[in-house]
There are 2 protein chains.
Amino acid sequence: MDASALACDTPLVAPAMSDTEAEALAQALKAVADPTRVKLLHRLISAAPDGVCVCDLTAPLGIAQPSVSYHLRILRQAGLVERRQERNFAYFSVRAEALRRLATLLDPTPQEVRT
Amino acid sequence: MDASALACDTPLVAPAMSDTEAEALAQALKAVADPTRVKLLHRLISAAPDGVCVCDLTAPLGIAQPSVSYHLRILRQAGLVERRQERNFAYFSVRAEALRRLATLLDPTPQEVRT
DNA sequence: TCTCCACATCGAAACCCATCTATATGCAGA
DNA sequence: TCTGCATATAGATGGGTTTCGATGTGGAGA
């Protein structure tokens with residue numbers, strides 16, 4: 001498959017990303033790559049750190065309650081938000097470090113080494 | 001639709017994100033939220049700043065050439081990579097500021113004001 | 001216990017996306 | 001001009017995703 005490449009050269013330093021790593025990163029990004037979930041995250045980010053209850057998320061988004069539940073599950077499975085149950089209400093809040101880590105992975109600037 | 005909300009309260013400071021804004025951000029993120037495109041970006045980021053030619057991207061990704069072309073188009077339409085034609089070859093390179101801007105938007109940490 | 005409320009899950013319908021093969025385009029050399 | 005190569009586009013197909021209405025679940029009050 002690669003024996004014929006004599007046309008152009010690639011200096012390429014890094015040894016390519018593994019399939020596993022690429023899929024993990026893509027999956028995390030997919031969790032955010034939806035207008036409804038972007039809005040959800042925005043609301044959760046700009047709200048109180050102890051979370052927002054679902055009943056306050058349904059109406060302003062203009063979609064049905066099961067849809068909100070679905071999107072919150074996606075975000076939760078991606079580790080981007082967390083759920084706290086209190087009486088009948090479920091409060092959702094962002095996991096700031098998870099979002100920050102995702103942001104760091106996207107940033108092409110060479111980062112300083114982390115401890 | 002909203003007159004009955006008397007169950008829980010939301011302090012909510014920010015005035016919700018506009019549909020347009022949310023969709024723009026989601027679309028940019030969608031461009032990255034794919035394993036193949038993550039790998040492509042990784043290669044372009046870790047390669048020389050003057051770009052990598054398509055012929056060097058096709059083989060290592062294990063997908064057909066039109067698929068590579070398709071993904072590069074997605075990334076280009078999102079403004080994340082740019083294309084430079086030289087003779088028969090097309091060289092692609094990352095737009096670092098675009099990626100960095102996306103990373104910044106994801107970061108929940110309150111940023112310093114930009115000029 | 002019975003009922004109500006908040007939220008989650010189910011199943012179906014509509015839609016979008018990644019991939020392929022086949023083909024077009026455009027440059028360069030013979 | 002004709003041929004060959006690198007890349008892009010077209011059209012088709014299979015699979016995944018978002019949305020909904022209907023229903024399940026579990027806590028709290030009557």
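Not measured: the values here are computed from a predicted model.
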For [X], give me all partners under salt bridge (Lys or Arg N to Asp or Glu O under 4.0 Å), at least two apart in sequence or on another chain.
{"X": "A:Glu23", "answer": "none"}
{"X": "A:Glu21", "answer": "none"}
{"X": "B:Arg84", "answer": "B:Glu86"}

query = Base, sugar-phosphate, or nothing for A:Arg83, non-hydrogen atoms under 4.0 angstrom?
reply =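 Sugar-phosphate, no base atom in range.
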note = Across all chains, not counting sequence neighbours, the side-chain contact (heavy atoms from CB on, under 4.5 Å) partners of A:Thr58 are A:Val54, A:Gln65, A:Val68
A:Ala28: side-chain contact (heavy atoms from CB on, under 4.5 Å) partners, not counting sequence neighbours = A:Leu102
In whole angstroms, how far is the [atom2] atom of [N] from the [atom1] atom of [X]?
{"X": "A:Gln27", "N": "C:dC17", "atom1": "CD", "atom2": "C1'", "result": "15 Å"}
{"X": "A:Phe92", "N": "C:dC7", "atom1": "CZ", "atom2": "P", "result": "9 Å"}
{"X": "B:Leu40", "N": "C:dA18", "atom1": "CG", "atom2": "C1'", "result": "13 Å"}
{"X": "B:Leu57", "N": "D:dA6", "atom1": "CG", "atom2": "P", "result": "14 Å"}

Sidechain-backbone polar pair: A:Glu97 side chain, A:Leu99 backbone, donor-acceptor under 3.5 Å =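 No; zero donor-acceptor contacts below 3.5 Å.
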Counterpart residues, side chain to side chain donor-acceptor pair (under 3.5 Å), relative to B:Arg76 (two or more places apart) = none
request  = Quick one: which residue pairs count as a side chain to side chain donor-acceptor pair (under 3.5 Å) with a foot in residues 26-40 of chain A, not counting sequence neighbours?
outcome  =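 Qualifying pairs, neighbours excluded: A:Arg37-A:His71, A:Lys39-B:Asp19.
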task = Check whether any side-chain N or O of A:Arg73 sits under 4.0 Å from OP1 or OP2 of C:dA8, and answer yes or no.
result =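 For A:Arg73, the contact criterion (side-chain N or O under 4.0 Å from OP1 or OP2 of C:dA8) is not met.
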remark   = Contact string for nucleotides 15-25 of chain D, one letter per nucleotide 5' to 3', B = base within protein heavy-atom range under 4.0 Å, S = sugar-phosphate only, - = neither, reads --SBBBBB---
What does the list of N/O pairs under 3.5 Å between the protein and nucleotides 27-30 of chain D look like, with a distance for each?
none

